[in-house]
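Data first, discussion second: the structure below is written as C-alpha cells.
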Amino acid sequence: MDEVLISDEDRRLLALWAADCAARALPLFEAEAPGDFRPREAIDGIRVFAREGERTRLLRSLAWAAHAAARDAGDPAAAAAARAASYAVATPYLHPLATAHQSKHILGPAVQQARACELAAGDDAGAGDEEIRWAIGHAPAAVRRLVQRMPARSPGRSRLDTLYHRLDAALRC
C-alpha cells in the first residue's frame, strides 16, 4: 500500500472545500430537523480547523454527532446532508494511504451533498450531477492532487458509486 504525503496546508484546503460542499445541503437537513444543530456544528468545526489547523478530539466528536444526526433523520435527503457534514468534519483525519477507502473520505462531503440534493428533487439525477459539477469547479488544486494520488474509483452499481466515479474522474483531469 502506497503512502501519500498530505501537508497541513492540503488538509486545510481539503477541509474548506469539504465544508463548502456540505454547507450547500445543510438547509435540507435543517428544514427536516430545525432543532438539531449537529450537522451545522460539524461544518462550523471544520471551518475552525481550516483556519487554525488544530486536530482536536472535538472534531471527532462532531463527526460522530453528525453521523448520528444522519441516522436520526426521518428523510433520506436530510440524512445524506448530515452525512456530508460528518464526512467534512472528519477530513483532518484522512490517513496518508493510497486506498479507495481514503478517497471515499476525500470525496464523501461532495458526493453526499449531491445525493442529498437529488433526493430532495425527487431523486432527480440531474440535480446531483449539477452539484457534482459545482464541486469540481470549486475544488482547489490541493484536492485534485490528493485525488490523483489515490486509486481511481470504478463506476460501481449504485447511484452513490456513480457520483463518486464522476467526481473522481473529473478531478483527475
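Every value quoted in this text rests on a predicted model; they were computed, and no experiment measured them.
No cation-pi contact links R55 to F49, judged by a cut-off of 6.0 Å to the six-membered ring centre and 45° from its axis.
I106 and L97 fall into different hydrophobic clusters, defined by Ile, Leu, Val, Met, Phe, Trp and Tyr side-chain heavy atoms under 4.5 Å apart, directly or through other members. Hydrophobic clustering (side-chain heavy atoms under 4.5 Å, transitive across Ile, Leu, Val, Met, Phe, Trp, Tyr) keeps I132 apart from L28. Note on V143: it clusters hydrophobically with V4, by side-chain heavy-atom contacts below 4.5 Å among ILVMFWY residues. Both L163 and M150 belong to a single network of hydrophobic side chains, linked directly or stepwise wherever heavy atoms of I, L, V, M, F, W or Y lie under 4.5 Å apart. Both L107 and I136 are assigned to one and the same hydrophobic cluster, defined by single-linkage of ILVMFWY side chains at heavy-atom distances under 4.5 Å.
The two residues P151 and A100 have their closest heavy-atom pair at CG-N, 3.7 Å. Residues A66 and A42 share a closest heavy-atom pair of CB-CB, 4.0 Å. Scanning all heavy atoms of the two residues, the minimum distance from T56 to Y93 falls at O-OH, 2.6 Å. Of all non-hydrogen atoms in C21 and Q113, the two that sit nearest each other are O-CG, 2.8 Å. Here the shortest heavy-atom pairing between A169 and C173 reads O-SG, 3.6 Å. The minimum heavy-atom distance linking R133 with G126 is given by the pair NH2-O, 4.5 Å.
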- Message: Walk me through whether L14 and L94 qualify under side chain to side chain contact (heavy atoms under 4.5 Å, CB included).
- Response: CA-CA 10 Å; L14 171 60; L94 180 69; 4.0 Å; yes
- Message: I'd like to know whether L160 forms a side chain to side chain contact (heavy atoms under 4.5 Å, CB included) with Q112, so could you lay out the CA-CA distance, the side-chain angles of the two residues, the decisive distance to 0.1 Å, and finally the verdict.
- Response: CA-CA 8 Å; L160 274 177; Q112 290 293 332; 3.9 Å; yes
- Task: Show the numbers, then the answer: is there a salt bridge (charged side-chain N to carboxylate O under 4.0 Å, His left out) between D129 and R159?
- Result: CA-CA 11 Å; D129 292 339; R159 178 61 182 156; 2.9 Å; yes
- Pair T162-H165, side chain to side chain contact (heavy atoms under 4.5 Å, CB included): steps then yes or no: CA-CA 5 Å; T162 299; H165 175 70; 5.7 Å; no
- Step by step, work out the side chain to side chain contact (heavy atoms under 4.5 Å, CB included) result for S103 and V147. CA-CA 7 Å; S103 75; V147 168; over 6 Å; no
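Comment: D72 engages R38 in a salt bridge, judged by a side-chain N to carboxylate O separation of less than 4.0 angstrom. Under a 4.0 Å N-O distance rule, the pair D168/R144 does not qualify as a salt bridge. Look at D123 and R115 and you find a salt bridge, because one of the NZ, NE, NH1 or NH2 atoms lies within 4.0 Å of a carboxylate O, short of that distance.
Residues forming a ring-ring contact (aromatic ring centres under 6.0 Å, His included) with Y87 (at least two apart in sequence, or on another chain): H105.
Two residues are said to be in side-chain contact when any heavy atoms from C-beta on lie closer than 4.5 Å; P96 and L5 fail this criterion. In this structure, D2 and R149 have side chains that are not in contact, with every pair of non-hydrogen atoms separated by 4.5 Å or more. Counting only heavy atoms from C-beta outward, the side chains of S154 and D161 never approach each other to under 4.5 Å. Looking at heavy atoms from C-beta onward, P109 lies out of side-chain contact with I46 at the 4.5 angstrom threshold.
Heavy-atom contacts from other residues, nucleotides or ligands closer than 6.0 Å to CD of E130 number 12 or fewer. Enclosure of atom CH2 in W134 by more than 12 non-hydrogen atoms of other residues, nucleotides or ligands within 6.0 angstrom is indicated.
No donor-acceptor pair closer than 3.5 Å links the side chain of H67 to the backbone N or O of A63. Side-chain N or O atoms of Q102 include one that pairs as donor or acceptor with a backbone N or O of H95 at under 3.5 Å.
With rounding to the nearest 0.5 Å, the separation of CD1 in I43 from CZ in F29 is 10.5 Å. Rounding to the nearest 0.5 Å gives a distance of 4.5 Å between CG of D75 and CD of E32. Between E41 atom CD and S61 atom OG the span is 11.0 Å, to the nearest 0.5 Å.
Within the hydrophobic cluster formed by Ile, Leu, Val, Met, Phe, Trp and Tyr side chains joined at under 4.5 Å, directly or through other members, L13 stands alone, with no partner residue.
For residues 11-26, every residue pair satisfying the side-chain hydrogen bond (donor to acceptor under 3.5 Å, both in side chains) rule, not counting sequence neighbours, is listed here: E9-R12, D20-R47, R24-E131.
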